[in-house]
Q: 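Below you'll find the structure I mean.
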Amino acid sequence: MTFSDEEIERYARHLVLSEVGGPGQQRLKAARVVIVGMGGVGGPAALYLAAAGIGELVLIDHDTVALSNLQRQIQFGTEDLDRPKVAVTEDVLRRLNPHVRCRLHAERLTPDSARRLLDGAQVVIDGTDDFPTRFAVNAACMATGIPLVSGALGRWTGQIGVFSGSPCYQCLTPATPPDAETCARVGVMGALAGVVGAMSALEAIKLICSAGAPLTGRLLIYDGLAATARTVRVLADPDCPVCGGNTAIDPGLKLA
Ligand SMILES: [Zn+2]
């Protein structure tokens, strides 16, 4: 795979990074990344991944743009109200980087459709805010061996985790918490969505380029109010209905 002069200039700041360089940029161009949810996390993630030169972005969201989205979903503008989120995002990404192919699915991801929608991805980013969808994405990623980058928001706190084999997302969250909070009910700081979305894109890029230490099996918790971050190990759950706590893929994580 070769790059045009235009692409070499476009990606110049990546090409001089030793962890990316020509080989890494080629891997980005050859990659397909699926983003589930074009909201506060998925939008900024999509923008940074398109700017980074990912070859194909698959965007999944059944919803349309609402006025209350604009406080944090900065991929949308006021003129986009009531348009499908995936279509608006494609327009924005095409303007940012015409080399990126977009595949749109204006539908809800379900346990039945998950494997079809995630097919062929190198990485999946889940930025949705409902647990049934998160469980369906996790199960499909586990079944197909696709690494999952999970980004979540709660008021002033953001969480980013990477799951590849066991422990999986459902080891961390076995069932929908009884006190599950939604952005609509408890609020969320808009700029926090950008932090989590950008970090989700960063983890996806690291995975594709094999750069640095991915967050695999760990959870990064960012407290926006305190301006502190900590990273904790996720323990494999032997009773997990998805992975059964089978850490054969990365046995070191279970000991942590
Ligand atoms: Zn599990």
Side-chain angles (χ1 to χ4, degrees), residues 31-37 39 41-42 45 58 60-61 105 108-154 157-182 196-197 199-208 210 212-222 229-256:
R32 173 188 292 178
V33 176
V34 175
I35 308 176
V36 189
V41 173
V58 181
I60 304 171
D61 199 304
H105 296 286
R108 196 186 283 273
L109 183 144
T110 66
D112 290 334
S113 67
R115 284 177 72 158
R116 169 177 58 84
L117 294 174
L118 307 186
D119 185 48
Q122 271 70 60
V123 182
V124 171
I125 294 179
D126 187 352
T128 58
D129 63 356
D130 74 285
F131 288 95
T133 304
R134 285 183 175 272
F135 293 147
V137 171
N138 177 61
C141 282
M142 282 297 297
T144 52
I146 304 171
L148 168 63
V149 179
S150 178
L153 305 171
T157 303
Q159 292 187 350
I160 306 102
V162 176
F163 302 95
S164 182
S166 184
C168 73
Y169 175 78
Q170 207 150 344
C171 291
L172 174 69
T173 312
T176 300
D179 57 346
E181 298 176 335
T182 64
V196 174
M199 292 191 78
S200 298
L202 183 60
E203 288 302 315
I205 290 167
K206 283 166 58 187
L207 287 167
I208 292 164
S210 299
L215 264 174
T216 311
R218 298 183 291 154
L219 189 70
L220 190 151
I221 303 162
Y222 177 70
R230 63 196 173 100
T231 305
V232 297
R233 292 273 177 188
V234 178
L235 296 178
D237 178 1
D239 298 322
C240 174
V242 178
C243 74
N246 179 2
T247 56
I249 296 169
D250 191 351
L253 296 171
K254 197 176 182 180
L255 303 171

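Atoms within each ligand, like the ligands themselves, are counted from 1 in listed order. What you are looking at is a predicted structure, and each value in this text was computed from that prediction instead of being measured.
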Q: Among residues at least two apart in sequence or on other chains, which ones pass salt bridge (charged side-chain N to carboxylate O under 4.0 Å, His left out) with Arg32?
A: Glu56
Q: Given 3.5 Å as the limit, does a donor-acceptor pair link the side chain of Glu203 with the main chain of Val162, or not?
A: no
Q: Between Tyr169 and Phe163, what is the ring plane arrangement, given parallel below 30°, perpendicular above 60°, and tilted in between?
A: perpendicular
Q: Taking the Zn ion (ligand 1) as the center, what protein N, O or S atoms are found at less than 2.8 Å?
A: Cys168 SG, Cys171 SG, Cys240 SG, Cys243 SG
Q: Return each pair, listed once, that meets side chain to side chain donor-acceptor pair (under 3.5 Å) where at least one residue sits in residues 131-149; pairs must be two or more places apart or across chains.
A: Asp130-Thr133, Arg134-Ser150
Q: Which heavy atom of Ile35 sits nearest to which heavy atom of Ala45, and what is that distance?
A: CD1-C, 4.3 Å
Q: Tell me the side chain to side chain donor-acceptor pair (under 3.5 Å) pairs involving residues 113-124, sequence neighbours left out?
A: Glu107-Arg116, Thr110-Ser113
